[in-house]
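Down below is the structure, laid out as structure tokens.
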Amino acid sequence: MKPLGAEREHYWRVQRMARAAGADPAAVWAQGALDAADWTALVARCRSCPWAEGCARWLARFEGAELPPHPGPPAACINRDTLTALAQDAEEETPR
């Protein structure tokens, strides 16, 4: 069994990947679409993800403005579906 990654590192990695998805974790939390158990599950899945090194490189490219503003998480992201859904929920909540 692969050892889990550092909790703090993956907490921030989930934050960064959420931004790549177009989700604001604080806003999603305030809207009630995400609770403590959900957040803990996201971080736990991230800590166990076999794509950690690739993720770090991908996020560096995203944050270096080499990718569009909200490209969405890559297919290899273990939390892709959840983060994409949170971004869609946030978009639906935004007044037009």
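When a residue number appears, it is its place in the shown sequence, counting from 1.
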Legend entry - Expected output: side-chain R47 to main-chain G5 donor-acceptor under 3.5 Å: yes
Inset, instruction - Indicate the atoms forming the closest heavy-atom contact of A87 with A21, along with that distance. - result: CB-O, 3.1 Å
Inset, instruction - Work out which heavy atom in P74 is nearest to a heavy atom in R80; give both atom names and the distance. - result: O-CD, 3.5 Å
Legend entry - Any donor-acceptor N/O pair, S48 side chain to R45 backbone, under 3.5 Å: yes
Inset, instruction - Working to the nearest 0.5 Å, report the span between SG of C46 and CG of L4. - result: 10.5 Å
Inset, instruction - Please list, chain by chain and in numerical order, all residues satisfying ring-ring contact (aromatic ring centres under 6.0 Å, His included) with W29, sequence neighbours excluded. - result: none
Legend entry - Nearest heavy atoms of W39 and P25, plus distance in Å: CZ3-CB, 4.1 Å
Legend entry - From CZ (R19) to CG (L83), nearest 0.5 Å: 11.5 Å
Legend entry - L42 versus V14, closest heavy-atom pair with distance: O-CG2, 3.9 Å
Inset, instruction - Grab the two heavy atoms, one from A52 and one from H10, that are nearest each other, plus how far apart they are. - result: CB-CE1, 4.3 Å
Legend entry - Test item: N79 and M17 side chains (from C-beta on) under 4.5 Å apart, heavy atoms: no
Inset, instruction - Decide yes or no for D38 and L86: does some side-chain heavy atom of the first lie under 4.5 Å from some side-chain heavy atom of the second? - result: no
Inset, instruction - Decide whether W12 and I78 are clustered together by the hydrophobic rule: side chain heavy atoms of Ile, Leu, Val, Met, Phe, Trp, Tyr closer than 4.5 Å, transitively. - result: no
Inset, instruction - Compare all side-chain heavy atoms of C77 with those of W58 and state whether any distance is below 4.5 angstrom. - result: no
Legend entry - Y11-E7 side chain donor-acceptor pair, cut-off 3.5 Å: no
